[in-house]
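Atoms considered below: every heavy atom in the structure, side chains included; atoms not considered: hydrogens, waters and symmetry mates.
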Amino acid sequence: MLCQLNISHRYKSLNFDLRKKKISFLIFHYTETNDLAKAIKLLTSKKRKVSSHYVIDTNGAIYNLVNENKRAWHAGESMWKKSKDINSRSIGIEIVYPGEVLGKKYKKKQIESVIKLSLCLKKK
């Protein structure tokens, strides 16, 4: 086993399709929500059609919403340098956070989980 992380599979999003490229990016977003419940509602909404592979709560808990071998819908119509279809080339990690405008800081446990998950995914 590569990493020892406690990852919950309690919530699942149906907003995904087939991955078309090899994974080469980790993409980090914040949810612009005040809590996990609102983030989960957004990331699993059939109407909004967005998702991510992982979401990290303010207490550091990590949730897997979409299997890594699937293409989550977190990066929209995006590109990096000459690479297109970033959703196919990446793993999306959402961090529960209300937004920069409110001036709140990320929680220490949350950042520790972001680092641990990132290192684990990098090893894979």
Side-chain donor or acceptor of [X] paired with backbone N/O of [Y] under 3.5 Å:
| X | Y | value |
| --- | --- | --- |
| S45 | K41 | no |
| K116 | I111 | no |
| R71 | K21 | no |
| H29 | E94 | no |
| N87 | R89 | no |
| N15 | K46 | no |
| S90 | F25 | no |
| S88 | R19 | no |

To the nearest 0.5 Å, what is the distance between [atom1] on [X] and [atom2] on [Y]?
| X | Y | atom1 | atom2 | answer |
| --- | --- | --- | --- | --- |
| C120 | Q4 | SG | CD | 9.0 Å |
| H53 | I62 | NE2 | CD1 | 15.0 Å |
| I91 | L117 | CD1 | CG | 8.0 Å |
| Y63 | I7 | OH | CD1 | 12.0 Å |
| F16 | W73 | CZ | CH2 | 8.5 Å |
| Q110 | E112 | CD | CD | 11.0 Å |

Fill in: Identified side chain to side chain contact (heavy atoms under 4.5 Å, CB included) counterpart of H74 within the set L65, V50, I27
I27

Discussion item. Exactly one of K104, E32, K38 should register a side chain to side chain contact (heavy atoms under 4.5 Å, CB included) with P98. Which one does?
Written reply: K104

I'd like to know if [Y] and [X] are part of one continuous hydrophobic network [Ile/Leu/Val/Met/Phe/Trp/Tyr, side-chain heavy atoms within less than 4.5 Å].
| X | Y | result |
| --- | --- | --- |
| L119 | Y54 | yes |
| I93 | Y106 | yes |
| Y30 | V66 | no |
| V114 | L26 | yes |

Worksheet item: Got S13 and L43 here, is their nearest side-chain heavy-atom distance under 4.5 Å?
Response: no

Fill in: Any K12 side-chain heavy atom under 4.5 Å of N64 side chain
yes

Worksheet entry | N69 CG: over 12 foreign heavy atoms closer than 6.0 Å | yes

Discussion item. Taking NZ in K107 as the centre, count heavy atoms belonging to other residues, nucleotides or ligands within less than 6.0 Å. Is the count above 12?
Written reply: no

